[in-house]
Amino acid sequence: MSDIQASKQTLLDRRYLRMARIWAENSYCQRRQVGALVVKNKMIISDGYNGTPSGFENVCEDADGITYPYVLHAEANAITKLARSGNNSDGSTLYVTAAPCIECSKLIIQSGIKRVVYAEQYRLTDGTDLLEKAGVKVEYLNLENNESKEK
């Protein structure tokens with residue numbers, strides 16, 4: 001990829017991550033709001049944010065602030081939404097506001113997503129480590145200070 005192409009890609013990556021951050025605002029979770037977009041051929045084919053499954057009350061935490069175990073992560077919501085659509089995620093890019101956990105990373109691998117761009121580091125790296133082991137390109141892009149690095 002030439003420097004010009006890389007620069008254009010970084011601009012697109014920042015734009016999609018900002019959109020994922022806005023999408024995260026749809027979450028009813030109090031402790032943390034996360035958003036995700038699946039993009040293929042410069043087109044958003046799915047979106048998701050963390051929250052409760054369909055039919056559940058939109059409450060993510062108990063009175064002590066502990067997240068209920070049935071709350072879905074943004075990545076899982078976006079991927080399962082793809083499963084119900086006519087879209088195919090093979091070769092797509094997932095933009096997510098926080099680094100994927102190991103469970104979401106398994107779903108990412110199985111869905112055929114080939115690239116993950118995330119905006120917030122997490123204390124555990126098992127999810128991003130698994131993605132790399134599976135050949136998924138993983139990139140951290142800090143929206144606050146223009147820091148970017150391939151993991």
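Below, all heavy atoms of this structure are taken into account, side chains as well, without hydrogens, waters or symmetry copies.
- The line from OG1 of T10 to CG of L141 is 7.0 Å long, rounded to the nearest 0.5 Å.
- T52 places none of its side-chain heavy atoms less than 4.5 Å from the side chain of Y68.
- Residues A76 and C104 come closest through the heavy atom pair N-SG, 4.2 Å.
- A heavy-atom distance below 4.5 Å is not found between the side chains of I113 and T93.
- Contact detail for A20 and L37: the closest heavy-atom pair is N-CD1, 3.8 Å.
- The CD atom of E120 lies 8.5 Å from the OH atom of Y140; values are rounded to the nearest 0.5 Å.
- Cluster membership check: V59 does not share its hydrophobic cluster with I66, using side-chain heavy-atom separations under 4.5 Å among Ile, Leu, Val, Met, Phe, Trp and Tyr.
- Interatomic distance, T125 OG1 to I102 CD1, rounded to the nearest 0.5 Å: 9.5 Å.
- Scanning all heavy atoms of the two residues, the minimum distance from W23 to A36 falls at CD1-O, 4.2 Å.
- Considering CG of L124 and CG of D129, their distance stands at 10.0 Å, rounded to 0.5 Å.
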Subject >> Derivation and outcome, salt bridge (Lys or Arg N to Asp or Glu O under 4.0 Å), residues E144 and R18 >> reply: CA-CA 11 Å; E144 308 311 319; R18 286 193 312 267; over 6 Å; no
Subject >> Steps toward side-chain contact (heavy atoms from CB on, under 4.5 Å) verdict (I108, L131) >> reply: CA-CA 8 Å; I108 292 165; L131 290 170; 3.7 Å; yes
Original post:
side-chain contact (heavy atoms from CB on, under 4.5 Å) between L17 and Y118: does it pass, once the steps are laid out?
Top reply: CA-CA 7 Å; L17 273 179; Y118 66 97; 5.6 Å; no
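- Residue pairs meeting the salt bridge (Lys or Arg N to Asp or Glu O under 4.0 Å) criterion with at least one partner in residues 66-75, sequence neighbours excluded, are absent.
- Distance alone, capped at 3.5 Å, places no donor-acceptor pair between the S92 side chain and the K40 backbone.
- For residues 99-112, the pairs satisfying salt bridge (Lys or Arg N to Asp or Glu O under 4.0 Å) are E103-K106, with sequence neighbours left out.
- Side chain of Q30 to backbone of E61: no donor-acceptor contact under 3.5 angstrom is found.
- The salt bridge (Lys or Arg N to Asp or Glu O under 4.0 Å) analysis of residues 42-51, with sequence neighbours excluded, yields the pairs D47-K81.
- Between I45 and N88, the shortest heavy-atom contact is CD1-O, 3.7 Å.
- In this structure, OH on Y49 lies 7.5 Å from CG on N77, to the nearest 0.5 angstrom.
- Each of V116 and L72 belongs to its own hydrophobic cluster when Ile, Leu, Val, Met, Phe, Trp and Tyr are linked at side-chain heavy-atom distances under 4.5 angstrom.
- Under the 4.0 Å criterion applied to side-chain N and carboxylate O atoms, K114 and E139 are not assigned as salt-bridge partners.
- Of all heavy-atom pairs spanning N142 and R14, the tightest one is O-NH1, 3.5 Å.
- N41 places no side-chain N or O within donor-acceptor distance of the main-chain N or O of M43, the cut-off being under 3.5 Å.
- Using a distance-only test at 3.5 Å, with no hydrogens or angles considered, a donor-acceptor pair links the side chain of S27 to the main chain of N50.
- Atom CG of L11 is separated from atom CD of Q9 by 9.5 Å, given to the nearest 0.5 angstrom.
- A side-chain donor from one of D13 and Y95 sits under 3.5 Å from a side-chain acceptor of the other.
- Using a distance-only test at 3.5 Å, with no hydrogens or angles considered, no donor-acceptor pair links the side chain of S89 to the main chain of G112.
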Original post:
Going through the checks in order, is the side-chain contact (heavy atoms from CB on, under 4.5 Å) test met by V71 and C29?
Top reply: CA-CA 9 Å; V71 169; C29 296; 4.1 Å; yes
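- Heavy-atom minimum distance, T97 versus Q33: OG1-O, 4.2 Å.
- The closest side-chain heavy-atom distance from L82 to V38 is below 4.5 Å.
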